[in-house]
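In what follows, chains carry the letters A, B, and so on, assigned in the order in which the sequence lines appear, proteins first and then strands, with residues in each chain numbered from 1. Just so you know, these numbers come straight off a predicted model, no measurement behind them.
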Number of protein chains: 2
Amino acid sequence: MDLVKREQSALEGLEALCHAKGLRITGQRRVIVQILMDADDHPDADELHSMVRKVDRSISIATVYRTLQVLEQMNIVAKRDFGDGRARYEISVGQRDHHHHMIDIESGEVIEFYNQELEDLKMRIADELGFDLVDHHLELFGTRLASAGD
Amino acid sequence: MDLVKREQSALEGLEALCHAKGLRITGQRRVIVQILMDADDHPDADELHSMVRKVDRSISIATVYRTLQVLEQMNIVAKRDFGDGRARYEISVGQRDHHHHMIDIESGEVIEFYNQELEDLKMRIADELGFDLVDHHLELFGTRLASAGD
DNA sequence: GTGATATTGATAATCATTATCAATTGATAT
DNA sequence: ATATCAATTGATAATGATTATCAATATCAC
């Protein structure tokens, strides 16, 4: 899915779901979704707030927190925990249902990856345990391998 | 490993590692490790503090937090995040290097499991991404399957 | 345009966790 | 057994991320 269509689908997702659930589509919410769609990292609430205020300086930090919670409940945004003491966020509409993160513990860099075998295994493990898988958290933490030429 | 030997190995682990790192083996630390060894759940710091105070009511919450951090650094205790807004802890000495958790989102029950295939896959994915795996967080969240007889 | 109600901004409050510092304790040398 | 020293502790203030409160504002159906 190219970027423009992805952006459109997130906003359309926002509008459709808000309408379905009797929630308002406010300017603040549009801005927040737009900023997250344009982000290529996983900002925390404070970072997101800084970017949002560049578009509309009246939007408050409380609105950012509340809106993130609403968007998460609607599965437009995914909440992540990379172990640095605060929640981080990214758009989830228009992408694969899940992807995972490898965090470079030296640089802090976050590499996204998808692995179908892992998806299958999770489902199988849940089934073996007698559960219907609803959600999961997976983050890998590692250090860059020294290449053979190093 | 039966329970008594497991308990002994955690305390022995505490003593050996403290000595190796020039740290004191204090009464508070022994109590905290003992309580965690006896726990069959994953208490948060406050729950652990309540149990610890039944043994020695002078031990402060700050000591519990500091001690948990030290024990985590020494790999005697593992810190977990089950998504309920606070850290949870369990003994890791004397057990498999890793195990994972399935959290029943309806009851809050935590089921521990180990899956060798998952361990292998994690290592393989890390390698494919160019990383040396150092740590990971994995929690599965689900709801109990209705059995065929239900 | 109006009425109903969801949402907002500003900030106080909450909560889990950590920092501070004087007092205490553990380990070691003698 | 005692002295010494530095790690550790208890009590609590402080911190930072997040949430609650409430009057004011904005959205949306009609």
Side-chain angles (χ1 to χ4, degrees), chain A residues 11 14-35 42-74 76-89, chain B residues 11 14-35 42-74 76-89:
Chain A
L11 277 175
L14 173 66
E15 292 178 11
L17 283 162
C18 280
H19 198 279
K21 295 188 174 184
L23 304 175
R24 306 292 166 82
I25 301 154
T26 65
Q28 294 90 335
R29 290 176 177 178
R30 290 177 190 276
V31 171
I32 287 167
V33 167
Q34 186 70 57
I35 299 277
H42 310 79
D44 63 32
D46 197 55
E47 290 164 349
L48 181 58
H49 185 222
S50 297
M51 292 182 282
V52 153
R53 281 175 59 85
K54 287 172 181 169
V55 175
D56 180 345
R57 66 178 303 99
S58 74
I59 298 181
S60 78
I61 185 68
T63 294
V64 171
Y65 274 102
R66 276 191 300 252
T67 301
L68 286 168
Q69 187 177 352
V70 168
L71 295 172
E72 187 195 355
Q73 283 165 357
M74 294 194 285
I76 293 174
V77 156
K79 190 179 195 179
R80 307 293 185 196
D81 175 9
F82 295 161
D84 58 358
R86 68 194 73 103
R88 291 183 171 278
Y89 301 88
Chain B
L11 277 175
L14 174 66
E15 292 179 9
L17 283 162
C18 280
H19 199 278
K21 297 188 173 185
L23 303 176
R24 307 291 166 81
I25 303 155
T26 66
Q28 295 91 336
R29 291 174 177 178
R30 292 177 189 276
V31 170
I32 288 167
V33 167
Q34 187 70 57
I35 299 277
H42 310 78
D44 63 32
D46 198 55
E47 289 163 352
L48 181 58
H49 184 223
S50 297
M51 291 182 284
V52 153
R53 279 174 60 84
K54 286 171 182 169
V55 175
D56 179 345
R57 67 178 301 101
S58 75
I59 296 181
S60 79
I61 185 67
T63 294
V64 171
Y65 273 102
R66 275 191 301 250
T67 302
L68 285 169
Q69 187 176 353
V70 168
L71 295 172
E72 188 195 354
Q73 282 165 359
M74 293 194 285
I76 293 175
V77 156
K79 190 178 193 180
R80 307 293 185 194
D81 175 9
F82 296 161
D84 59 357
R86 66 194 70 104
R88 291 185 171 276
Y89 302 87

Original post:
Tell me, which of residues 53-60 of chain B have any heavy atom that sits under 4.0 Å from an atom in DNA chain D?
Top reply: Ser58(B), Ile59(B), Ser60(B)
Original post:
Can you give one letter per nucleotide of nucleotides 19-30 of chain C, 5' to 3': B if a protein heavy atom sits under 4.0 Å from the base, S if only from the sugar-phosphate, - if neither?
Top reply: BB----BBSS--
What does the list of N/O pairs under 3.5 Å between the protein and nucleotides 12-15 of chain C look like, with a distance for each?
none

Original post:
Starting at NE2 of His49(A) and ending at C1' of dT8(C), how long is that distance when rounded to a whole Å?
Top reply: 12 Å
Subject >> Residues in side-chain hydrogen bond (donor to acceptor under 3.5 Å, both in side chains) contact with Ser50(A), at least two apart in sequence or another chain >> reply: none
**OP:** Figure out the CZ/C1' separation between Arg88(A) and dA17(D), and round it to whole Å.
**Re:** 13 Å
Subject >> dT19(D) phosphate, OP1 or OP2, under 4.0 Å from Tyr65(A) side-chain N/O >> reply: no
**OP:** May I ask you to check whether His42(A) and Tyr89(A) place their ring centers less than 6.0 Å from one another?
**Re:** no
Subject >> Inter- and intrachain pairs under salt bridge (Lys or Arg N to Asp or Glu O under 4.0 Å), touching residues 17-31 of chain B, at least two apart >> reply: Glu15(B)-Arg30(B)
**OP:** Please examine the side chains of Leu14(A) and Leu71(A), heavy atoms only from C-beta on, and report whether any two atoms are closer than 4.5 Å.
**Re:** yes
Subject >> Test salt bridge (charged side-chain N to carboxylate O under 4.0 Å, His left out) applied to Glu72(A) - qualifying residues, sequence neighbours left out >> reply: none
Subject >> Shortest non-hydrogen contact between Cys18(B) and Ile25(B), atoms and distance >> reply: CB-CG1, 3.6 Å
**OP:** Would you check if the side chain of Arg88(B) reaches a backbone N or O of Asp81(B) as a donor-acceptor pair within less than 3.5 Å?
**Re:** no
**OP:** Look only at the side chain of Glu47(B) and the backbone of Asp44(B), and say whether a donor-acceptor pair between them is shorter than 3.5 Å.
**Re:** yes
**OP:** Could you grab the distance from atom CG of Leu48(A) to atom CZ of Arg53(A), nearest 0.5 Å is fine?
**Re:** 12.5 Å
Original post:
Which pair of heavy atoms, one from Ile32(A) and one from Val64(A), lies closest together, and at what distance?
Top reply: CD1-CA, 4.0 Å
Original post:
How long is the line joining CG of Asp44(B) and P of dA16(C), in whole Å?
Top reply: 7 Å
Subject >> Ile59(A) backbone acceptor or donor facing His49(A) side chain under 3.5 Å >> reply: yes
Original post:
Rounded to whole angstrom units, what separation is found between the CD1 atom of Ile61(A) and the P atom of dA17(D)?
Top reply: 9 Å
**OP:** Please report, rounded to the nearest Å, how far the P atom of dT25(D) is from the CZ atom of Arg29(A).
**Re:** 19 Å
Original post:
Taking atom P of dT18(D) as reference, at what distance in whole Å does atom CG of Leu48(A) sit?
Top reply: 12 Å
